[in-house]
Amino acid sequence: MSKTGALDLASGLGGKISKDEVKSAVEQYEKYHVCYGGDEEARKSNYSDMVNKYYDLATSFYEYGWGESFHFAHRWKGESLRESIKRHEHFLALHLGLKPGMKVLDVGCGIGGPLREITRFSGASVTALNNNEYQISRGKELNKLHGLGQSCEFVKADFMKMPFPDSTFDAIYAIEATCHAPDVLEAYKEIYRVLKPGQYFAAYEWCLTDHFDPTNAIHQKIKAEIELGNGLPDIRSTRQCLQAVMDAGFEVIWEEDRAESSSVPWYLPMDKGQFSLSSFRLTAIGRLFTRYLVKTLEYVKLAPEGTEKVLSILETAGEGLLEGGKKGIFTAMYFFVVRKPL
Ligand SMILES: C[S@@+](CC[C@H](N)C(=O)[O-])C[C@H]1O[C@@H](n2cnc3c(N)ncnc32)[C@H](O)[C@@H]1O
């Protein structure tokens, strides 16, 4: 049900940014990043603007090329990418013990792919929090199309300062979202505050692994490409994230890098050399087709000026993620389940 046709792609480009401002928004976005002379402090102090610009510009492409859930997945041989994505969501729901009657928070919900799957899988009602207005509007449209009514709601807010009273939720999860936080400890503290005592928080985090060497220029280049291509202020290590959940007050129940047990590498869809009919748009031919499609749409003015630049940013993301994954210096699935003590 996601927007998957060429005209759908064209109509959503730029999100809530007005069409004649897309080009300057891309240029402003680029300036935040190391590859264009930007620095971490500016990305952190302007995180809301930087992340929102990124998702206004990128969401249509995500939907077109990836689907309704904007995350990677632990993979088994014989599974399609979509099957792995759903299983990745079920895995998290299962380890949180979600069931009917529970009030759950999805932190940084995208357009709600995970929330729809998790609510159908578990029967829990999910509140979906997101700071991007365009994604919220898409999420609402899709929930309606999927027939999900009262059990789920969208809230437009920043996860660094959530509009909920203390101890509101029976469980909380975040899928590849808190990587956008300017300060991960403050983000986890806010999650701790709104979770009921004795209950669980689970997350898939984007992290640097112990193999990342900060003195290695190639590693730093890969890190900068991932930050640019994905709207990140910085990338924390698995150790920093683990320390931050503990410092926020949580007890660690389980933590592991799920990439280590993934029999098919999570970053394989980024590899243009792979061919898959079910994920055709991610293949070399599929990407070439998208490049020409975008050029044409921009030329005939169905797509705003600057769209091709957005595609280039996303290609940079793909290259950084592929290299980071191959070298084992980056993971998109550092997983943990933690508990707020009674
Ligand atoms: C990579 S997407 C993942 C979306 C979703 N979890 C999924 O897997 O489909 C990251 C999401 O986090 C949201 N986000 C980033 N920073 C945020 C913030 N400060 N407050 C709320 N949402 C935020 C983005 O708007 C986006 O929806």
Side-chain angles (χ1 to χ4, degrees), residues 2 15-17 29 32 43-63 65-74 81-82 84-93 104-119 126-140 142-143 152 154-164 172-184 186-191 194 201-207 226-227 229-235 258 266 314 317-318 321 332-335:
S2 53
K16 295 282 179 197
I17 299 171
Y29 172 77
Y32 279 122
R43 287 198 297 285
K44 286 187 172 167
S45 45
N46 298 290
Y47 71 95
S48 229
D49 180 63
M50 192 262 296
V51 177
N52 266 322
K53 277 204 171 69
Y54 175 77
Y55 281 109
D56 274 327
L57 297 168
T59 297
S60 236
F61 281 107
Y62 273 44
E63 248 192 285
W66 201 259
E68 293 180 26
S69 289
F70 296 168
H71 61 80
F72 288 98
H74 179 275
L81 178 59
R82 265 166 208 233
S84 309
I85 285 175
K86 282 183 196 281
R87 186 173 52 73
H88 203 61
E89 292 164 359
H90 296 169
F91 180 88
L92 179 141
V104 179
L105 178 66
D106 179 332
V107 175
C109 66
I111 58 167
L115 105 86
R116 285 183 284 282
E117 190 58 34
I118 285 175
T119 198
V126 183
T127 299
L129 184 94
N130 194 338
N131 210 21
N132 185 273
E133 209 176 312
Y134 176 68
Q135 290 196 337
I136 296 246
S137 62
R138 278 300 293 142
K140 285 183 178 166
L142 287 165
N143 271 17
C152 297
F154 285 91
V155 175
K156 155 94 178 70
D158 184 346
F159 57 51
M160 302 301 291
K161 30 186 188 279
M162 297 196 244
F164 308 116
I172 302 184
Y173 66 85
I175 304 180
E176 301 183 19
T178 36
C179 50
H180 293 288
D183 180 332
V184 79
E186 292 305 315
Y188 293 159
K189 279 188 187 166
E190 188 59 355
I191 288 170
V194 300
F201 163 48
Y204 290 116
E205 276 294 356
W206 279 29
C207 287
I226 297 175
E227 288 166 354
N230 298 280
L232 303 179
D234 184 22
I235 312 177
R258 295 283 294 151
W266 62 267
L314 296 176
L321 290 165
M333 51 196 67
Y334 177 56
F335 177 70

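Only this structure's heavy atoms are used, side chains among them; waters, hydrogens and symmetry mates stay out. Ligands are counted one by one from 1 in listed order, and the atoms in each one are counted from 1 as well.
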task: Do me a favour and list the nearest non-hydrogen protein atom to atom 8 (O) of ligand 1 with residue, atom name and distance?
output: H71 CD2, 3.2 Å
- prompt: What atoms in ligand 1 come closer than 4.0 Å to a heavy atom of C109?
  reply: 4 (C), 5 (C)
statement: min-distance protein heavy atom vs atom 26 (C) of ligand 1 -> Q135 OE1, 3.4 Å
task: List the closest protein heavy-atom neighbour of atom 3 (C) of ligand 1: residue, atom name, distance to the nearest 0.1 Å.
output: I175 O, 3.5 Å
- request: Could you list which atoms of ligand 1 come closer than 4.0 Å to a heavy atom of E176?
  value: 1 (C), 2 (S), 3 (C), 10 (C)
field: Electrostatic pair E186:K189 at N-O distance under 4.0 angstrom
entry: yes
Which of the ligand 1 atoms, numbered from 1, are nearer than 4.0 Å to a heavy atom of S69: 9 (O)
Atom 22 (N) of ligand 1: nearest protein contact (heavy atom, Å): N131 N, 3.3 Å
field: Side chains of K156 and N131, donor plus acceptor under 3.5 Å
entry: yes
message: Does any N or O of ligand 1 fall below 3.5 Å from an N or O anywhere on D158, backbone included?
response: yes
- prompt: Polar-atom distance check: A177 versus ligand 1, any N or O pair below 3.5 Å?
  reply: no
task: Provide, to 0.1 Å, the distance between atom 2 (S) of ligand 1 and the closest protein heavy atom, together with that atom's residue and name.
output: Y55 OH, 3.3 Å
- prompt: Counting N and O atoms only, with roles assigned by atom type, does the side chain of R87 sit under 3.5 Å from a partner on the main chain of H74, one being a donor and the other an acceptor?
  reply: yes
N132 and Y54: side chain donor to acceptor below 3.5 Å: no
- request: Would you tell me whether D49 and Y32 have side-chain atoms, one donor and one acceptor, within less than 3.5 Å of each other?
  value: yes
field: Under 3.5 Å: N/O of N130 near N/O of ligand 1
entry: yes
field: D56 side chain vs K16 backbone, donor-acceptor pair below 3.5 Å
entry: yes
message: Please verify the inter-ring angle class for F72 with W206; under 30° counts as parallel, over 60° as perpendicular, anything in between as tilted.
response: tilted
task: Take every heavy atom of G113, measure it against each atom of ligand 1, and state whether any distance is under 4.0 Å.
output: no
message: Show, in sequence, the C-alpha distance, side-chain angles and deciding distance for R258 and Y204, and conclude whether the side chain to side chain contact (heavy atoms under 4.5 Å, CB included) test is met.
response: CA-CA 9 Å; R258 295 283 294 151; Y204 290 116; 4.2 Å; yes
message: Please check this pair: side chain of Q135 against backbone of T59, looking for a donor-acceptor N/O pair closer than 3.5 Å.
response: no
query: Is A157 touching ligand 1 with its side chain, its backbone, both, or neither, if touching means heavy atoms under 4.0 Å apart?
result: backbone
task: Give a yes/no verdict on whether any heavy atom in M160 is under 4.0 Å from an atom of ligand 1.
output: no
query: Should we say atom NZ of K53 is surrounded by more than 12 heavy atoms from elsewhere, each under 6.0 Å from it?
result: yes
query: Taking heavy atoms and a distance under 4.0 Å, where does V51 meet ligand 1: side chain, backbone, both or neither?
result: side chain
- request: Report yes or no: do S69 and E89 form a side-chain donor-acceptor pair below 3.5 Å?
  value: yes
query: Among protein heavy atoms, which lies nearest atom 5 (C) of ligand 1, and at what distance?
result: G108 O, 3.3 Å
task: Any atoms of ligand 1 less than 4.0 Å from a non-hydrogen atom of P114? List them with their elements.
output: 7 (C), 8 (O), 9 (O)
- request: State if A174 counts as touching ligand 1 under the rule of any non-hydrogen atom under 4.0 Å.
  value: no
Which residue and heavy atom of the protein sit nearest atom 9 (O) of ligand 1, plus the separation: F70 N, 2.7 Å
- prompt: Between F335 and L92, is a side chain to side chain contact (heavy atoms under 4.5 Å, CB included) present by the stated rule, with each step listed?
  reply: CA-CA 9 Å; F335 177 70; L92 179 141; 4.3 Å; yes
message: To check your reading of the model: name the closest protein heavy atom to atom 20 (N) of ligand 1, its residue, and the distance in Å.
response: F159 N, 2.8 Å
